[in-house]
Structures are given as C-alpha cells and as structure tokens.
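The block underneath contains the structure these notes are about, expressed in structure tokens.
Only a predicted model underlies this, so the values are computations on that prediction, with no experimental measurement involved.
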Amino acid sequence: MTPTTAPLDSAHVVVAGDTAAIDDYADALAAAGADVRRPDTVAAALETVRSEPIDCLVTEITLTDATAVEILEGVRNESSTLPVIAATADGDEAVASELIGAGVTDYLALPGPDAGSDARDGRLKESIERSVEELVDRTERAIERVQRAETRRERARRFDAVLEDTRTATWVLDADGTLERANRTARDLIDDDVDVLVGDPFWTLPWWSAAEGTMADVRRLVEMAQSGSFGNAVVSRSASLADPDVIDLSVRPVRDDGGTVTSIVVEGVDITDRVSLERDLRRSEELHRVTLNNMTDTVLITNEAGEYTYVCPNVHFIFGYTAAEIEDLGTIDDLLGADLFDREELAENGVLKNIECTATDKAGREHTLLVNVREVAIQDGTLLYSCRDVTKRKQREEALATLQETARDFLYAETHEEIASHVVDDTPGVLDLDASAVYLFDDDATELRPAARSRRMRDRHGPLPAVGADDTTLVGHSFVADDALFLDDAHGDDRLGNRASDLRSMAAIPLGSHGVFLIGSTTVGAFDAVTRELADLLAATAEAALDRVSRESRLRKQERTLQRRNEELTELNRVNETIRAIDRAVVRAETGEEIDHSVCEHLTDDDRFRFAWIGTIDERSGTVEPRAWAGEAHGYLDARPFTIDADGGDPAGRAAATGETTVVENVAERVREESWRRDALSREYRSAVSIPLVYNDLSHGILTVYTTTRNAVDDTTRAVLGELGETIAAGLSANERKKALLTTSLTRVEFAVDDPTFVLSRLARRADCTIAYHGGVRQTDEGRYVFVTVQDAPLDAVADAAADLVAIDDVRRINGGRSNGAGTSGDADGAAGTGGVLRLRLTSPFLALDLADHGAVVREATADPDSATLVVAVPDGIGLRRVTELVRETFSDVELRSKRTLDRSPDHDRSARVLADVTDRQLEVVQTAYYSGFFESPREHTGEEVADTLDISPPAFYRHVRTVQRKVFTALFEEGTVPLAARE
C-alpha cells in the first residue's frame, strides 16, 4: 500500500460496523496513518463524536442497533460539518439516495465478503487492493474537503471579526483601488453615506480630502498594495484643526490561488491620543532633561555596592565634577562618606530624608548637603540619592544666629560709638567679610566720620578720612540718597576716593540718619543674594539700635532737663514764696527802715541765702553804706569798706558803679586777687548777687545776698531777684510819697531849664508864645495828658503848631480859640482871640509824673521862645538831691535858681485825701470842666460842650461832676473841720 497523504496522518476516524468488509476498510485506514476508533455500539460511536475531536465517521449502512440514516441524524445534531461516510458491501440505491438527502459526505461500495478469500489468481487480488486504496483516497478527500471548507469558514469568521473591530477602521477595496466595503468604525469617521461612495477611488474619499497632502499619501499606499506589497503610513485627517486626528494606515493585498491581487484591505487606527501622549512624553522628557540639567539638586543612583548606575547631568552644580569624573571617583562612599545611613532603617522605612553631611567639591571647597535616600529599581540601581546643597542656608542660619547675638549686644550698648564697634566686630561672623567700617554723622560739622573700622579695612583700604554729606563719595552718596550701594567692582566707580585700595567689591548701606555701614572684599563680585540680604539685616539691626540709643539719650536728656526744671521750679517756688512774703511786708511797712529789715529777714529765713544786706550809695565817700541786714554776717560788714568800683571789689560796689545786677558764681575763683573774696569764703559764702534798687531812675540803694553753694543763682533766680529789686525800690518810693503827703513842710525849688527838647519850650518857640503848665496831668494806656495855658498868641495857631510836633499826639481846645479843622478838636463856642487852654496828649514821658512817683510835685512849668522855668515842691523826707538829680538827668542844661522852705496849711491834707479818693476819670472830667470855665459865673462853656470835648454823653459828664462835688463836700462837712454858720 502506498503511503497515505497528509490529511489521514493522525486523523481521528470512528468506524461503526462489524462486517468483514468494514473491518478491512478500517484496517486500510489505520494502515494509512489514521487513528481508528471502533466503538461497539451506535450510542458509543455518537458519544465518541460528542466528547472527542473526531475528523471523520465511517458507518455501515445497516447496524444491529441502528441504521446509517439514524446515526447520520444524530451526528448532524452535534456537527453540520463532520465528514460522515456510509460504506456497504451490498449496494442499495434507495438507501444511498436517502443518505445523500440526509447530508452524508460520501457513499462507498465495499468489496464483497468473499472477494479476497476466494480469489486465487494474482489479477483478482490486485483488483481488490486497488478498490481498497480507492476507498482510502475517497475517505482522505472527504476529510480534506471538509477541512478546507472549515478553513475557509474560519478565515471568513476572522475577516468578519477584523472587519467589525470597533478599534480599527477597515476598508475593502477592489483591485483597482475603488471602495467596496467599510466597517462601522470607518463609517463613523465621516458624516457621508458610505454606500453612495462605493466605487469611488479610495484616495478621493471624504476621509482624506480635508487634509493637505494626505490624498497623495493614501494613493501611494493603494498603489503599493496593487503591486503586491504591504504598505504603512501615518496620515493626518483634519489639517484645519489645531490638533488634527492622526490615523495609522496599513494596506494589505489579497491574492487568489494564482497569486493575482484580487482585492485590497486597508486598516486604519486612530493614534491621535497616542501621538499626543508621545508628544507630551517627549515634552516631559525634554522638560525633565532641562530640569535635571539646570536644577541645583543632584540625583545619583547606585547599586547595593555603591557603584553608580546613573549620574544626573547637573552634578557639577554642587561638586564641580562632570558625570564621567564622578564615576571615576569610585563609589558613593568616596563622595558622600561611608556610613551615611542605616541600611536596615532604610529597608524598614523605604526612604530616609534630610540626612546632613559634608562633601568636598573639585575645587576643594566644603559643602553642607541634605541627602534623601530611597529604595528604587531603576536601570540596575537600587538606591537613589537626592542631594541638596544647603551651604548658603547653613551659612545664613549661622549668620542669623550671630546676628541675634549682635542684636542682644546692641541692647546693652549705650552710645553710638559702642554700637559701631559691635557692628565691625560681628561683620565677619555674619557676612564672612572682615573689611568693614561704620561712619557716624556729625550734625555740628555736617560730615560723616569713621567711628569704628576693622584692621582688615585699614590694611586693605588705608585710612578713612571724614567725608562730606554729599554725592562725591560712596559713603556720602549712600547717606544723602538713603540708598544702599553694592558694587561688584568699586574701581569702576568715580566716587571711590582711594584708587590704591585693594578692595574690589564694596557696599555702602545707610544707617538711617545716623551714618553709613561700609563693607568690602578683595574679590570681584563678592556680594551674592544671601550676602546682600544679611548685610541689609545687619544694617537694619544696627539702625534700630542707634535709634534706640538716640531715643534713650533724648529721654535721659529730657529727664535731666525735667529734673533740673523741677528743681528750678521748686527753688523758684521757694523764691516766689519769699518774694510774696516780701511784697506783703513792703505793702504793710510804715517806714523805709521797716521795708529794709523785712526784706533781709525774709531772704534769710531759710537756707536759700546765708546772708543779706541793703546799703545806701554814698557818692561823696564812693562807698555803699550798710543800712539793714539779716542772716549770718559774722562781722562781714565791718571787715572792710564796700567801694564803688566797676572793675573789681565786692559785688555791691560793682552793682552800684554799673547800675546793673552783679552775680559772682564762684567766690573762690580769684581769691588771691581780691581780698573781699577771702573775707567771704571765711564765712562760707560761695556765691553772691547784688541788685540795684532803682525806681524811675532813682536809686534806693543796693541789695546783696550770699549763698553757701557755688552757681546758686541761675538766670531765673537772677530775673526774679531783679524784679524784687524793682518792687523794693517801688515800695521805698511809695513810702517816701506817703511821708511827703503827711508832712506839712516842703521846699520850693525853682530851676531854669535851657533844653531845646523840652516839649513846652519847643511849642513856645514854634508858636512864638508863652506856654504855662499849672498842674493837672494824667497817664493812661493811650498816653500822658497835660493842661497848658497859652498866652500872647492865637489859640488856633498854637494848636496847629502843637499838632505838627512829634512829641504831641493829640491836641484838644479846652477854652478859648476856635476850630480850624487841622486835626484838632475845637472849643465849644468857636470864639477867636488870644490865649486859652489846651489839653495835650504827649508821646514821651513827662517829668511831672516821674517826680510824682517820688513825692515831689511840679507846681509850675513856664516856657517862652527864649527860656523855661520849672518850679518843684519837694516835701520833707524826700531827698532833695535825688529830685535835683532827676531834673538834671531829664534836661541837658539845668540851673538851680532858688529854693525856699514853706509850711503847708492843714487843708493840704484834706485836699490830698479828696484827690486820693477821686478816680482818674473823674479827675479828668472835673479838670477839663474847670479849665473850660464850666464853674465860672457866667459859665464860659456849658456841660454839653465840655461833654462833647471829652467824647462822653452829657449825663455822664454831670454824673462825674456831682460825684466829685459830693466827695469834696464830704471832706469839708462830715469831718467837722468847717464850723457851722452862727445864728442871729
């Protein structure tokens, strides 16, 4: 038997039947290589078909328990494609027809049962063998047909599965490239009806028409498939969009058995997301690459042995080495040091963070690092090291710690210079720079002066002179502009004063209004961001400390000033109490001697003054003669004479000579030169002050007081004592006036005055008349009013001349003359004529008032164009010499013509008391009425006319007149000094 072909090799064949012919057939199949199964029953045969992979079922037409038709139906219930062959040695056309109708695969006629055994010749045997071989071939062809059909069906199923794949768009093209079919995914890519597009060239279809260049690319793919080649391309579907769809197209030719291309299958996969992802990935990779190349942190990966498996490209940022140089150094231990971390702790936690260590770079500089270590599995590496250089931060932390110590030191500094020294001393610890200086601003000199400097600054830069507060120097500019200067190379700046300086980098930082902080380095570009920040912080801290010291200094100064003022105020209060007591004593004193003694006693009542005395100036002896004293004198007044001397001697003599308050702050100052000082020191007098007692240019003596301390008389006390002197002098003058009023004896003194400045003389010469003053003067805030009588000239002319004099501020016609409108007030009747009475308001002091303050009365003053006469009444008790001195001091040329002693009548006291009880306004009214002729009979002027002259209402005029009349009559009648009229 010839060897069987491939389809029967290892084919599983079930043979059902028990005849000799079927047995021979089964043996022949087994001999051809088939795996033949021989179940005993039809049920067993069907079970084998159901439970095992069977390639063919061979059954006899008639079996003991079923027919071939029945077994065929049972098989078809399980499989419609399993080859079923019916075989029989006894052919029956009816059965064969039924089997074919039931779907039998083949019908075989087997050799008869005796064909092989009875054949005796060779030809018959050969015929039988050929029949069996043909049966085997038919069986093989039947199996092969079914297998081929199954293969085609499987291919169709696969093609349909591929065609309907929702992830892939599939197009089936004719051999000429026109569209035949498109799956659902391809249809969803466009809005057009695909069926309408069938028959159109594939590259012209709407899938590609929107994209420039895409149609040409698709056409080339189709042409490749037509030539029998596989093609692939990535095309863009929508060029008008910002992010067009990207399709991965592949074309595959379909050939027939002869190798001719019969169709083309095009598959398209939307790879837009993948392309976008790849693009993002590339961007991310580029970003990571740029980040790794530029970030300051360095990443290293090693294996367990510490050998590098990855070195970050930016490793030079920290270590200064390239990646290759790092690998050549050895293991990670050689770079970061051994025993950097505990391997067991890392295994437990997975990551260890912020391990601090030090490493040396290629240039030999030491860096402080913070290292994070974690377990990884990357590129054969198991340990990832992330290194961060915190050298600057460490330095900054140390600098801030030093700055805090500096700030604490500043708290105890009390002067600006002390703070400047602290700044210079602490600059190396804060800034790592040792060339520094501090300039402080001198307000008085308006310049910046170096208050502290480091030795490095002196060695590298030279001496530091004071500089002006202007823009010509670095220090001056920083101060006036309030601008911090950081120069990488100061030699390029014209404001660098010392061109021979070794310093290159320099900085000048203002310290507010206090000065400038100057730092420098011999390195160019020494000020990085951290150094600038720390320098600003140090300067700001120093400025705050300087502000504090300034505030505290001002507060201390204010406290000292306040304390001094409080002490002065306390002392002033004591002095004021004394002054008030003296004022009360002066007012109550009946005599001048009582005033003198009261003043001395009150001044020495407490410890303020040790000794006080009052002396009279004796011009004839040239000395100051003591007249009252109190306190601890210890014979001082008897020790020596008090000579009037302006250049030396006792302060009382100097005050008498100069007429000014004399203060000796330290008696012991020239003790060898002036004998009075020795006498004073022996009595523990340490300072002294002498005050002239002067009132209205008349001296009443000298008051001198001594203290037991030096510099005891300040400006305030001096001023108070000066006012006290005036008060005492005024009191003495008042006492003298009081005595003058009570005395009945007086001296009539007549003076001839030849002084062109005398107001009456000037008016007499200008008006060519005689002017007479007979008393009546009043002083108000507006000026001094006097009444004068005009003789030998028209009153109007005299009034006009008076109005032109600077010394006369206002002229009023009281009686006589008439108004001419020359700025004066006219008389009431307007009568013209010679002579009359004028009221003058004087702008300068009038002698009558000054003499009245001292008790003397000007009785008469007469002036004509050639001469002037002054008559003064000086009561007993009033120093005639002082009155004469006052007259001589007032006028330039005075001659005493006569003096005569007179007794005043008792009525003088009564009139004095009446005048003392009349107010100034009332006196002015009655004086004006008197000189206007109101009291004459007949009256020369009515009350209304006089009231008009006084600018008051008539009722007011009459009220004042009646008031004065009542006071006069009261003095006359109620005191009983006038006898009643005798009755007849």
Side-chain angles (χ1 to χ4, degrees), residues 277-343 345-347 349-400 431-432 486 488 505 521 523-534:
L277 181 61
E278 290 176 351
R279 182 174 61 251
D280 292 343
L281 181 60
R282 285 192 297 273
R283 292 175 179 173
S284 178
E285 290 176 349
E286 179 66 21
L287 176 62
H288 283 81
R289 185 160 46 252
V290 172
T291 302
L292 288 174
N293 286 333
N294 293 280
M295 72 177 185
T296 56
D297 287 5
T298 291
V299 176
L300 304 170
I301 301 178
T302 69
N303 56 24
E304 290 294 333
E307 299 170 339
Y308 297 104
T309 61
Y310 173 77
V311 177
C312 184
N314 71 343
V315 68
H316 62 281
F317 280 177
I318 296 179
F319 301 101
Y321 296 103
T322 64
E325 288 173 337
I326 286 289
E327 294 175 353
D328 293 339
L329 289 177
T331 65
I332 192 74
D333 293 344
D334 298 319
L335 184 65
L336 302 181
D339 301 326
L340 180 65
F341 62 93
D342 186 342
R343 190 67 182 83
E345 183 181 358
L346 177 63
N349 298 319
V351 61
L352 298 177
K353 296 183 177 180
N354 297 330
I355 304 172
E356 185 172 321
C357 68
T358 58
T360 304
D361 64 10
K362 187 176 181 179
R365 294 185 295 266
E366 191 174 79
H367 295 259
T368 302
L369 306 180
L370 285 182
V371 182
N372 294 341
V373 184
R374 66 175 64 247
E375 292 181 328
V376 296
I378 304 173
Q379 296 182 358
D380 299 329
T382 58
L383 297 175
L384 184 145
Y385 297 79
S386 175
C387 305
R388 174 167 294 179
D389 189 351
V390 294
T391 305
K392 291 293 184 182
R393 189 176 78 184
K394 193 75 173 179
Q395 292 174 352
R396 188 173 185 272
E397 291 174 354
E398 294 173 353
L400 289 176
L431 304 179
D432 198 24
F486 287 92
D488 291 335
S505 298
S521 171
T523 304
V524 175
F527 302 116
D528 56 16
V530 174
T531 304
R532 293 188 181 203
E533 179 186 2
L534 292 173

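Heavy atoms only, all atoms of each residue included: Tyr308 and Ile326 are closest at CE1-O, 3.5 Å. Taking every heavy atom of both residues into account, Asn303 and Thr382 meet most closely at C-OG1, 3.6 Å. Of all the heavy atoms in Thr391 and His367, the pair that sits closest is OG1-CA, 3.2 Å. For the residue pair Ile355 and Val373, the shortest heavy atom distance occurs at CD1-CG2, 4.1 Å. Between Arg374 and Leu346, the closest heavy-atom pair is CA-CD1, 4.1 Å. Considering all non-hydrogen atoms of both residues, Ala526 and Thr531 come closest at O-OG1, 4.2 Å.
Once rounded to the nearest 0.5 Å, the distance linking CG of Leu383 with CZ of Phe341 reads 5.0 Å. Note that CZ of Arg393 and CZ of Arg388 are 7.5 Å apart. Values are rounded to the nearest 0.5 Å. Rounding to the nearest 0.5 Å places CG of Leu431 at 6.0 Å from CG of Leu534. With rounding to the nearest 0.5 Å, the separation of CZ in Arg365 from CD1 in Ile318 is 12.5 Å. Rounding to the nearest 0.5 angstrom, the gap separating the CZ atom in Arg532 from the CZ atom in Phe527 is 8.0 Å.
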- [ ] Assess whether side chain to side chain contact (heavy atoms under 4.5 Å, CB included) is satisfied between Val299 and Leu384, documenting all intermediate values.
- [x] CA-CA 7 Å; Val299 176; Leu384 184 145; 4.0 Å; yes
Open item on the list: side chain to side chain contact (heavy atoms under 4.5 Å, CB included), that's the test. Do Tyr385 and Ile332 meet it? Break it down for me.
Closed with: CA-CA 9 Å; Tyr385 297 79; Ile332 192 74; 3.8 Å; yes
TODO: Could you walk me through whether Glu307 and Thr302 pass the side chain to side chain contact (heavy atoms under 4.5 Å, CB included) test, one step at a time?
DONE: CA-CA 5 Å; Glu307 299 170 339; Thr302 69; 5.8 Å; no
TODO: Check step by step if side chain to side chain contact (heavy atoms under 4.5 Å, CB included) holds for Asp389 and Phe317.
DONE: CA-CA 9 Å; Asp389 189 351; Phe317 280 177; over 6 Å; no
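When each of Leu336, Leu335, Thr298, Thr358 is checked for a side chain to side chain contact (heavy atoms under 4.5 Å, CB included) with Leu369, only Leu336 meets the rule.
Distance alone, capped at 3.5 Å, is enough to place a donor-acceptor pair between the Ser505 side chain and the Asp488 backbone. Looking at Asn314, its side chain does come within 3.5 Å of a backbone N or O of Asp297 through a donor-acceptor pair.
When the shell of 6.0 Å around CG of Asp380 is examined, it contains 12 or fewer heavy atoms from other residues, nucleotides or ligands.
Residues meeting the salt bridge (charged side-chain N to carboxylate O under 4.0 Å, His left out) test with Glu304, sequence neighbours left out: Arg343.
In this structure the side chain of Asn372 reaches within 4.5 angstrom of the side chain of Asn354, judged on heavy atoms.
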